[in-house]
Trainee: 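One structure is given below, represented as structure tokens, and several questions about it will come after.
Hydrogens, waters and symmetry mates play no part in the numbers below; they use all other heavy atoms, side chains included. Letters go in sequence order (proteins before strands), and every chain restarts at 1.
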Protein chains: 2
Amino acid sequence: MMTQSRKRGAISPKQAARRRAPLDAMLDAGRFKALGDPTRVRLLACLAKCGRACGVTEIAECCAVDLSVVSRHLSLLRRAGLLEVEKQGRIVLYSVRYGDWAEALRALADAIEACCPAGARCGGGRCGC
Amino acid sequence: MMTQSRKRGAISPKQAARRRAPLDAMLDAGRFKALGDPTRVRLLACLAKCGRACGVTEIAECCAVDLSVVSRHLSLLRRAGLLEVEKQGRIVLYSVRYGDWAEALRALADAIEACCPAGARCGGGRCGC
DNA sequence: GATATACTTGCATGATGACGCAATCACGCA
DNA sequence: TGCGTGATTGCGTCATCATGCAAGTATATC
């Protein structure tokens with residue numbers, strides 16, 4: 001039988017730092033940084049709600065910023081894996097990678113809960129458990 | 001019968017900007033900005049993998065930055081709703097809100113897929129659909 | 001009350017990044 | 001080939017932010 005001191009997951013932060021977990025691969029600051037700018041998030045939400053592939057000029061109409069700014073933001077969102085791009089003549093069509101994005105978020109959610117010593121749904125995060 | 005032109009969700013970005021969706025509430029740039037810094041993410045992952053409530057000094061041991069920096073980062077992560085705090089004497093205990101965080105991510109995933117005209121799992125995000 | 005421990009806050013500095021303008025590139029069309 | 005539209009890139013500027021040091025606050029112990 002397991003003693004109380006040998007509780008699952010109860011280690012020091014220093015030990016935890018060396019321990020590899022699925023969480024590490026998914027918590028890449030670079031990917032989240034893309035979602036950390038208001039203008040960028042607005043463009044992304046706009047495109048997501050739009051529900052189809054759109055050109056840069058078209059997307060720019062939903063935001064009061066220069067076209068060059070929109071172009072840069074979209075490019076960054078693509079590099080972050082949130083958008084995909086397709087050229088159609090001289091028009092650059094951006095579209096949301098709905099499936100990949102949602103899947104990545106769920107995988108992160110799973111990885112987080114895998115770290116929780118009480119397992120999934122431990123009640124509002126109060127995990128002194 | 002529905003004609004091809006009356007496809008679900010196929011609107012312009014400008015129209016999409018005015019349309020309210022569950023996605024809007026969940027795509028708050030401020031919350032993501034908290035995850036956009038390498039040091040902050042490292043501290044968070046450290047605490048998550050640790051699996052228990054930890055003091056600031058203890059957490060600081062897993063990162064080569066000043067204690068004041070750690071204190072500020074943890075405070076910011078708390079304001080972002082990712083951590084919770086509890087004072088125990090002179091020690092400030094931070095712990096990860098596993099449940100809330102995972103739940104928020106899944107809700108965002110759902111909101112994203114709700115925007116996808118083809119519904120959930122449309123295959124790698126290629127949604128010209 | 002004095003001292004030590006645990007943490008927070010003020011301040012200066014350096015780095016990163018968002019923005020607009022202008023120039024340039026890419027492609028279609030006459 | 002020249003022109004117009006759509007998009008990207010270079011550059012300067014301004015704001016934000018991460019960091020460390022130093023000073024201050026809070027709590028436990030002697």
Trainee: So if I take every side-chain heavy atom of A:Asp66 and compare against D:dT19, C:dC7, C:dC21, which nucleotide ends up nearest?
Mentor: C:dC21

Trainee: Starting at CZ of B:Arg42 and ending at P of D:dT19, how long is that distance when rounded to a whole Å?
Mentor: 11 Å

Trainee: Starting at CG of B:Leu43 and ending at P of C:dC7, how long is that distance when rounded to a whole Å?
Mentor: 13 Å

Trainee: Students often get this wrong, so: under 4.0 angstrom with heavy atoms, is B:Ser75 touching a base, only sugar-phosphate, or nothing?
Mentor: nothing

Trainee: Once rounded to the nearest 0.5 Å, what's the spacing between atom NE2 of A:His73 and atom CG of A:Leu44?
Mentor: 11.5 Å

Trainee: Which of these nucleotides, C:dA4, D:dT19, D:dG10, is closest to any side-chain atom of B:Arg90?
Mentor: C:dA4

Trainee: Can you identify which nucleotide, out of C:dC7, D:dA26, C:dG20, has its nearest atom closest to the B:Lys87 side chain?
Mentor: D:dA26

Trainee: Where is the tightest heavy-atom contact between B:Met26 and B:Ala111, given as atom of each residue plus distance?
Mentor: SD-CB, 3.7 Å

Trainee: Minimum heavy-atom separation for B:Ala34 to B:Ala80, with atom names?
Mentor: CB-CB, 3.7 Å

Trainee: Taking atom C1' of C:dA6 as reference, at what distance in whole Å does atom CD of B:Glu58 sit?
Mentor: 12 Å

Trainee: Are A:Tyr94 and D:dG6 close enough that a side-chain N or O sits under 4.0 Å from OP1 or OP2?
Mentor: no

Trainee: Taking CD from A:Gln88 and P from C:dC27, how many angstroms apart are they, rounded to a whole number?
Mentor: 14 Å

Trainee: Taking the side chain as everything from C-beta on, heavy atoms only, tell me whether A:Tyr94 gets closer than 4.5 Å to A:Leu77.
Mentor: no

Trainee: Tell me which nucleotide among D:dG6, C:dA6, D:dG20 gets nearest to the side chain of A:Ile91.
Mentor: D:dG6

Trainee: Among C:dT8, D:dT8, C:dC11, which is the nearest nucleotide to the side chain of B:Ser71?
Mentor: C:dT8

Trainee: Please name the pair of heavy atoms, one in A:Ile112 and one in B:Tyr98, separated by the smallest distance, quoted to 0.1 Å.
Mentor: O-CD2, 3.3 Å

Trainee: Report the nucleotide, chosen from C:dT8, D:dT19, C:dA18, that has the shortest atom-to-atom distance to any side-chain atom of A:His73.
Mentor: C:dA18

Trainee: Could you state the CZ-P distance from A:Arg72 to D:dG12, rounded to the nearest angstrom?
Mentor: 14 Å

Trainee: Rounded to the nearest Å, what distance is computed from the CG atom of residue A:Leu74 to the P atom of nucleotide D:dT9?
Mentor: 13 Å

Trainee: Closest approach to the side chain of A:Leu67, judged atom by atom: which nucleotide of C:dC7, D:dA7, D:dG20 is it?
Mentor: D:dA7

Trainee: Find the distance A:Arg40:CZ to C:dT16:C1' and express it as a whole number of Å.
Mentor: 12 Å

Trainee: Select base, sugar-phosphate, or nothing to describe what A:Val65 touches, counting heavy atoms under 4.0 Å on all strands.
Mentor: sugar-phosphate

Trainee: Quick check on DNA chain D: between B:Asp37 and A:Ser68, whose nearest nucleotide comes earlier from the 5' end?
Mentor: A:Ser68

Trainee: Where the side chain of B:Lys33 is defined as all heavy atoms beyond and including C-beta, which of D:dC17, D:dA18, D:dT9 is the nearest nucleotide?
Mentor: D:dC17

Trainee: In this structure, how many angstroms lie between the P atom of D:dT8 and the CG atom of A:Leu77, rounded?
Mentor: 12 Å

